Number of protein chains: 2
Amino acid sequence: MPHFRALDKLDRKLLNHLQKDNQIPTRVLADKLHVSQPTCLRRIRDLREAGVINADISMVDPFALGYGMLAFLEVSLLNQADEFMHEFEARMNKEAEVMQCYFVSGEYDYFVVVHVIDMDAYYQFVRRAISGPGNVRHFHSRFPMKKTKFTTRIAFDEKAAELQVKTGK
Amino acid sequence: MPHFRALDKLDRKLLNHLQKDNQIPTRVLADKLHVSQPTCLRRIRDLREAGVINADISMVDPFALGYGMLAFLEVSLLNQADEFMHEFEARMNKEAEVMQCYFVSGEYDYFVVVHVIDMDAYYQFVRRAISGPGNVRHFHSRFPMKKTKFTTRIAFDEKAAELQVKTGK
DNA sequence: GCTGAAATCACACATTA
DNA sequence: TAATGTGTGATTTCAGC
């Protein structure tokens, strides 16, 4: 049974901390926020169960591993019937090189962010996943020279705090 | 003193797991990979110290919090002297709404991904951070209708594994 | 890779608003 | 009634060997 509740100040403070570091002991976090350790833990558990916290992960630096090449790939499909769009999206979901994929309006249908080792790997990716399988009318590549910012942290301002949040199941 | 070493199979397996879930007890992870728990822990610690693991964080679902609106913002600067580019990049770094920023070649200089609550918030953001401060020649907004994939996980194939990785400081 | 001490997590229960 | 705080046992981390 789905229910709704609003995020209060404590929730927002917790999220702001956990977005930076989720390995901090609940005891330390509790002290910082002037609540007890079990309260801290309970709130975090609830945020996870509610899906506000999607996942708890280690961030790996792609450049530290030789994945120095990034590409923006714009794709327009031949056939835009629902099943074909789903087929394309499913394919992108399976491809490990695809970091992000967006359905966009305008000249192209999809905007895809691809992370690969080098140009050869990118070429192979395009042949295998884009031009190979068919149903692609046109595609266009751009190569960002530098990633100057990348964050998964979202900001919690007052307005957002007042919004109702769908929690739990 | 910086030193180099290559990632072996164990490192890659560890990273593949931790990218999905960094809350798994090292004991469980050790059993899965058929190594001892302290070995597992030491490897992970080394990967963190080496900077291969950037951060350990909770991922927050922006849509669960009412941040339902995404925008692609392309910007070209008036003055492209180094100091002005740094100034723009620094500004994007400070803005909480900016999730990603890339320096690109072509018609525009920067590709910026912005995450906001609604169109009004986006308008305010553009006025404050883009058109307001000056040195922007032209900008153009696109609004992706759906994010069909977003991951921070990078793939570890054999080729990548053989690459030398800069570790330590 | 094994063992053990220290720390953390996570539960039951009393308390408060 | 629902959420917080206190106290306690089970797990986990992490150092020494």
Side-chain angles (χ1 to χ4, degrees), chain A residues 1-61 156 158 160-169, chain B residues 1 3 5-61 64-66 161 165 167-169:
Chain A
M1 47 177 178
H3 66 285
F4 294 77
R5 74 172 180 82
L7 295 189
D8 63 9
K9 281 188 180 181
L10 179 55
D11 289 317
R12 281 181 288 139
K13 285 177 184 172
L14 283 170
L15 289 173
N16 274 328
H17 275 87
L18 294 174
Q19 282 188 119
K20 281 186 272 189
D21 174 18
N22 72 349
Q23 297 223 120
I24 185 172
T26 53
R27 171 80 221 180
V28 177
L29 198 47
D31 286 347
K32 273 192 182 182
L33 304 182
H34 307 294
V35 293
S36 73
Q37 178 264 330
T39 297
C40 188
L41 189 62
R42 267 194 293 261
R43 297 292 274 258
I44 294 173
R45 177 171 50 82
D46 290 347
L47 287 168
R48 292 204 172 107
E49 283 177 4
V52 175
I53 292 177
N54 259 134
D56 288 87
I57 61 165
S58 293
M59 293 276 288
V60 174
D61 178 12
F156 299 109
E158 304 311 308
E162 288 161 13
L163 289 172
Q164 292 294 306
V165 175
K166 182 174 186 175
T167 70
K169 43 192 144 191
Chain B
M1 48 177 175
H3 65 285
R5 76 172 180 82
L7 295 188
D8 63 10
K9 282 189 178 180
L10 179 56
D11 289 317
R12 281 181 288 139
K13 286 179 183 171
L14 284 170
L15 289 173
N16 274 329
H17 274 87
L18 294 174
Q19 282 188 120
K20 281 186 271 189
D21 174 17
N22 72 349
Q23 294 220 122
I24 185 175
T26 54
R27 169 80 219 180
V28 179
L29 198 48
D31 286 347
K32 274 192 181 181
L33 304 182
H34 308 293
V35 293
S36 74
Q37 181 269 333
T39 298
C40 187
L41 188 63
R42 281 197 171 277
R43 288 295 189 107
I44 294 173
R45 199 190 36 156
D46 289 347
L47 287 168
R48 291 205 172 105
E49 283 178 3
V52 174
I53 293 176
N54 259 134
D56 289 86
I57 60 163
S58 293
M59 292 278 286
V60 175
D61 178 10
L65 292 165
V165 175
T167 69
K169 46 194 147 191

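Every chain is numbered from 1 and lettered A, B, ... according to where its sequence line falls, protein lines coming before strand lines. Side chains are part of it too, since the values below use all heavy atoms of this structure and drop only hydrogens, waters and symmetry mates. A quick note: this is a predicted structure, and the numbers were derived from the prediction, not measured.
If you take CG of Leu10(A) and P of dA3(D), they are 12 Å apart, rounded to a whole angstrom. Protein atom NE2 of His34(A) is 16 Å distant from nucleotide atom C1' of dT4(D), rounded to whole Å. Rounded to a whole Å, the CG atom of Asp31(A) is 12 Å from the P atom of dC9(C). Residue Leu29(A) contributes atom CG, which lies 14 Å from atom P of dT4(D) at whole-angstrom precision. The separation between Asp46(A) atom CG and dC11(C) atom P is 12 Å, rounded to whole Å. As rounded to whole Å, 13 Å separates atom P of dT4(D) from atom CD1 of Ile44(A). Rounding to whole angstrom units, CG of residue Asp56(A) and P of dC9(C) are separated by 12 Å.
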**Verdict with reasoning, Gln37(A) to Leu41(A), per side chain to side chain contact (heavy atoms under 4.5 Å, CB included)** = CA-CA 6 Å; Gln37(A) 178 264 330; Leu41(A) 189 62; 4.1 Å; yes
Checking Arg43(A) against Asp8(A) for the side chain to side chain contact (heavy atoms under 4.5 Å, CB included) test, could you report, in this order, the C-alpha distance in whole Å, the side-chain angles of both residues, the deciding distance, and whether it holds? CA-CA 11 Å; Arg43(A) 297 292 274 258; Asp8(A) 63 9; 2.3 Å; yes
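Asp11(A) CG to Asp46(A) CG: the interatomic distance, rounded to the nearest 0.5 Å, is 8.5 Å.
The shortest distance between side-chain heavy atoms of Leu29(A) and Leu18(A) falls below 4.5 Å. Counting heavy atoms from C-beta outward, Leu15(A) and Ser58(B) have side chains that stay 4.5 Å or more apart. Side chains of Lys20(B) and Asn16(B) form no contact here, defined as non-hydrogen atoms less than 4.5 Å apart.
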Protein-nucleotides 13-17 of chain D N/O pairs closer than 3.5 Å?
unit_1	atom_1	unit_2	atom_2	d
dT13(D)	OP2	Thr26(B)	N	3.2
dT13(D)	OP2	Thr26(B)	OG1	2.8
dC14(D)	N4	Gln37(B)	OE1	2.9

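Of the side-chain N and O atoms in Ser36(A), none sit less than 4.0 angstrom from OP1 or OP2 of dT6(D).
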